[in-house]
Amino acid sequence: MPKPLSLPFDPIARADELWKQRWGSVPSMAAITSIMRAHQILLAEVDAVVRPYGLTFARYEALVLLTFSQAGELTMSKIGERLMVHPTSVTNTVDRLVRSGLVAKRPNPNDGRGTLASITDKGREVCEQATRELMAMDFGLGAYDHEECAEIFAMLRPLRLAAADFEEG
């Protein structure tokens, strides 16, 4: 959990007012600042839950992704694609999971240059335990009900679509 700021005012609302006075009304500035602060808060809360398992949220996401695959294994490139991260980040994430005994790596028999990452039994156990804890704290979004969470998802979807994260379908 991030250290509470405990300010007697909303610093983002204050910045928005000052922004209006200097450059005019730009609601997107207040929105992006709020999103970035929310990201800090949520990442700190989620990381606090997964840290005792030797995980970061990125490593947790990789474990979950592997549990979703039919065989419990995926190519490194597929992991990067699904997690929307650079290949170097995938390698770092998977290598740390390997060192923790949560994932194993082996050559891809279908591609001599590729590598498969597979979740271990220990990885499955850690993933299940961490998931139970994250679900119990609503992934840090306990201030919102189910409908509001669905609204947040829906509101951010066009941004991801515009960034070409996926095709409308």
Side-chain angles (χ1 to χ4, degrees), residues 1-69 74 76-97 100 102-103 117 126-169:
M1 178 91 178
K3 181 182 174 194
L5 297 177
S6 301
L7 297 173
F9 62 92
D10 179 345
I12 297 173
R14 172 79 54 88
D16 185 44
E17 285 303 315
L18 294 171
W19 192 282
K20 285 177 191 171
Q21 291 171 19
R22 185 165 191 171
W23 291 297
S25 181
V26 182
S28 56
M29 185 285 298
I32 186 66
T33 307
S34 294
I35 290 168
M36 298 304 268
R37 177 61 181 146
H39 176 260
Q40 291 173 339
I41 293 166
L42 293 171
L43 195 57
E45 288 185 13
V46 169
D47 277 347
V49 170
V50 299
R51 187 176 301 113
Y53 298 102
L55 299 173
T56 60
F57 190 62
R59 284 181 230 149
Y60 168 76
E61 286 181 304
L63 285 179
V64 169
L65 182 60
L66 290 170
T67 67
F68 287 164
S69 67
L74 291 168
M76 299 288 278
S77 60
K78 187 63 72 178
I79 292 171
E81 176 185 299
R82 299 277 167 80
L83 295 180
M84 300 167 281
V85 296
H86 189 273
T88 304
S89 296
V90 175
T91 300
N92 182 314
T93 296
V94 171
D95 286 350
R96 287 179 182 264
L97 290 168
S100 299
L102 305 176
V103 168
V126 165
C127 185
E128 288 296 323
Q129 291 172 352
T131 299
R132 278 193 295 275
E133 288 191 40
L134 288 168
M135 289 174 59
M137 53 89 76
D138 288 324
F139 288 87
L141 292 169
Y144 302 99
D145 64 25
H146 294 292
E147 290 173 2
E148 290 169 322
C149 286
E151 287 177 33
I152 292 168
F153 174 78
M155 287 185 70
L156 295 175
R157 194 172 192 277
L159 179 69
R160 297 183 305 112
L161 184 61
D165 278 357
F166 58 95
E167 294 178 13
E168 188 75 69

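Atom set for the values below is all heavy atoms of this structure, side chains included, hydrogens, waters and symmetry mates excluded. Quick caveat: nothing in here was measured; it's all calculated off a predicted structure. Here, residue 1 is the first one in the sequence, and each next residue gets the next number.
- Within the model, atoms CG of Leu7 and CD1 of Ile12 stand 10.5 Å from one another, a figure rounded to the nearest 0.5 Å.
- Partners of Glu128 by side chain to side chain donor-acceptor pair (under 3.5 Å), not counting sequence neighbours: none found.
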Check residues 158-169 and write down every donor-acceptor pair under 3.5 Å in which the side-chain atom is one partner and the other belongs to a residue at least two apart or another chain.
from, atom 1, to, atom 2, distance (Å)
Glu168, OE2, Arg157, NH1, 3.0

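- Rounded to the nearest 0.5 angstrom, Arg37 CZ and Asp10 CG are separated by 10.5 Å.
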Contacts under 3.5 angstrom, residues 134-153 side chains, donor-acceptor by atom type, not counting sequence neighbours:
from, atom 1, to, atom 2, distance (Å)
Asp145, OD1, Glu147, N, 3.1
Asp145, OD1, Glu148, N, 2.7
Glu148, OE1, Asp145, N, 2.9

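- Heavy-atom minimum distance, Thr93 versus Ala58: CG2-O, 4.0 Å.
- Proximity of Ile35 to His39: side-chain heavy atoms (C-beta onward) are nowhere separated by under 4.5 Å.
- Among residue pairs with one or both ends in residues 13-30, those qualifying as salt bridge (charged side-chain N to carboxylate O under 4.0 Å, His left out) are Asp16-Lys20, Glu17-Lys20; sequence neighbours excluded.
- The side-chain heavy atoms of Leu55 and Leu97, taken from C-beta on, include a pair separated by under 4.5 Å.
- Listed here is the closest heavy atom pair of Ile79 and Ala117: CD1-CB, 3.8 Å.
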- With side chain to side chain contact (heavy atoms under 4.5 Å, CB included) as the test, would you mind laying out the steps for Glu133 and Tyr53 before giving the verdict? CA-CA 11 Å; Glu133 288 191 40; Tyr53 298 102; 2.3 Å; yes
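- Between the side chains of Arg132 and Gln129, no donor-acceptor pair is found at a separation under 3.5 Å.
- Annotation: the span from Glu61 atom CD to Cys127 atom SG amounts to 11.0 Å, rounded to 0.5 Å.
- The shortest heavy-atom contact between Val49 and Ala130 is CG1-O, 4.5 Å.
- In this structure Thr91 satisfies the side chain to side chain donor-acceptor pair (under 3.5 Å) test with no other residue, sequence neighbours excluded.
- Judged as a ring pair (Phe, Tyr, Trp, His ring centres under 6.0 Å), the pairs with a partner in residues 10-30 (not counting sequence neighbours) are, in order, Trp19-Trp23.
- Side chain of Arg59 to backbone of Val50: no donor-acceptor contact under 3.5 angstrom is found.
- In terms of modelled atom types and a separation under 3.5 Å, the side chain of Ser69 and the main chain of Leu66 share a donor-acceptor contact.
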- Task: Kindly indicate, with the supporting measurements, whether the criterion side chain to side chain contact (heavy atoms under 4.5 Å, CB included) is fulfilled by Tyr60 and Thr131.
- Result: CA-CA 9 Å; Tyr60 168 76; Thr131 299; 2.6 Å; yes
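- Across all non-hydrogen atoms, the minimal contact from Gly80 to Val90 is CA-CG2, 3.2 Å.
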